[in-house]
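Here's the structure we're looking at; comments come further down.
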Amino acid sequence: MQRRVLPGFGLTLGFALMYLGLIILLPLAATFVKTAGLSWEQFWSTVTSPRVVASYKLTFGTSFYAALFNVPMGVILAWVLVRYQFPGRRFMDALVDLPFALPTAVAGIALTSIYAKTGWFGQWLEPMGIKVAYTQVGVWVALTFIGLPFVVRTVQPILEELEPELEEAAATLGATRLQTIRRVVIPALLPAIITGFALAFARAVGEYGSVVFISGNMPMKTEITPLLIITKLEQYDYAGATALAVVMLLVSFALLLVIQLVQRYLFRSRA
Amino acid sequence: MSIEVRNVWKHFGDFTALAGVSLKVETGKLTALLGPSGSGKTTLLRIIAGLEFADASDDPDWGRVLFHGEDVSNIPAGKRGVGFVFQHYALFKHMTVFENIAFGLTVRPGSARPSKKAIADRVKELLELVQLEKFGGRLPHQLSGGQRQRVALARALAVQPKVLLLDEPFGALDAQVRKDLRRWLRGLHEKLHVTTVFVTHDQEEALELADEVVVMNQAKIEQIGDPQVVYDRPASPFVIEFLGNVNRLVAGLGKLNISNKDVLYVRPHDVEIRRDHAPEHSLRARVLHVFSAGNYGRVTLQRLTTGEPLEAEVPRDQLRSLNLQQGDEVFVVFRHVRLFPKGQFYETDVKDETATEADISGGI
């Protein structure tokens, strides 16, 4: 073992492992243990019932599109916050964190009241044939709302540290502004963008509070998986609830792992 | 392609970066902008490149940049035909060395863009020029500092600039790499003859590398001239102090009507130490420290009358015969001094002018 200038590797590593074990692994293990109370047939029929499968599609699908939508929006917001000085910039900067801080139920109620038939947006959108509240679109709106800070906050520091010389170099070499953004700026931001996307996606998959108000919770249509888990818990079907939890856990973990691998492959160049 | 800068002013808020600077650089010359940090040299370079713009003025002759007599003041950087090399390389990290060098060619609009093969050939040619033939597939972080700077240079040269501008090109490198790269750049310039302007705060670098040195201080140009001229005939106390070691003494000399406030400058290699006989025009000094390495020994002295420190460079054999010990009192003779009385300045070659010799002795 190499000698280190700063002692304490063993101590801190031990502490980190114990903390992760207590806070994350133990509760997760409990879900698996609880699920093990079901026979394989029971488990399979629980996690593949049509209503549940519909909820997976909605949850993962809308989470994906919400996170995807937040990528360009978040990058533009970060760009404006980093690159320009204007009155109200700090206020705008603080506003970005609001979806983090707001109790999600409050967000859900606020969104619902805006997009309901009589709400500020709803009264204009409804006559145009666009229904948001109590539809899958509503779910997407809520997930977009809560996911935004993740992209902004991961891209912002990278953009701040991006040397202006890179863009100047591109300019002296004759690149247009658009070429500079496409070929120099975006590639430099891409790792942060993917991280932000993954965080927003992961957050959206687990979201409950804001969605249940705006979705209307119609079976097969606007039920998200976390809602089904709660429903099962309310019916004292603990094993059934944890079975769904296990599926979500595995899918989320697999997706995050894939994102991680993609990122590592794409950016193997940057040690 | 010659460069001309006319009456350029530049303010950043309350800070004056350039105060009416004018400059001409002839075609094919290698010119150094030399000065301490904050002297405005980088700002001037960036204005020539079009990365910064001079303060606007109604007078058509103010704040102009001309390339070959043509006004380019309002032309953006990408259309000026300049190659710019940054102190910290500014390589595109996600692109290979090849892609970095090709960048300027690949961003050209369809009709002006060379074919893939032509681009590859050109990049190969440049890789050879900067002696990195085998590194085309590497990424910037796999290269050393000196290699990165050469890639940056190749990238700038790829678009065949008419003017090459380098901002502290060796500033971030080790002393040895710096020296090698400096010599290499000089050779490259001899080969390509592209009009080149580089910024540096290192006087040795400027003197060794440049055909012409522009010494800048506090937003203004202090002196323009070839290295020999700025070193041997500095136009101001700033220039003499900035270029190399120099002793600064309060003159206090009689007959020339020089008051005590006037300042006398003498380079360490123009200071001669004598032990035994005391010529008329010598100073008395005490030896504080003797350091000898290489061909020259450095002797730190203290002038007896005023206590001012004085440094001398003495050839080694002479040092040996002098056999100086700490605390010895010796006589000091100046071969060549420069005086800067009250704003104006004149120089004296001590040995040639008997009047001055007498004056100096009178002051002791």
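All heavy atoms count here, side chains included; hydrogens, waters and symmetry mates do not. Here is the naming used below: chain letters follow the sequence lines, and residue numbers restart at 1 for every chain.
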Quiz item: Are B/D121 and B/K117 ion-paired here, with the side-chain N under 4.0 Å from a carboxylate O?
Solution: yes
Self-check item: Interchain contact, A/E168 with chain B, by part (heavy-atom threshold 4.5 Å)
Solution: both
Exercise. Can you tell which part of B/T96 gets under 4.5 Å to a heavy atom of chain A, answering side chain, backbone, both or neither?
Key: neither
Exercise. Assess the side chains of B/E205 and B/T200: does a donor N or O sit below 3.5 Å from an acceptor N or O?
Key: yes
Quiz item: Do the numbers put B/R155 on top of the ring of B/F92, so that NZ or CZ is under 6.0 Å from the six-membered ring centre and no more than 45° off the axis?
Solution: yes
Practice problem: Against chain A, label B/A156 side chain, backbone, both or neither, depending on which of its atoms sit under 4.5 Å from a heavy atom there. | Solution: backbone
Quiz prompt | Region of B/L91 that comes under 4.5 Å of a non-hydrogen atom in chain A | solution = backbone
Quiz item: Looking at A/Y65, A/F150, A/F64, A/F69, which one forms a ring pair (Phe, Tyr, Trp, His ring centres under 6.0 Å) with A/F197?
Solution: A/F64
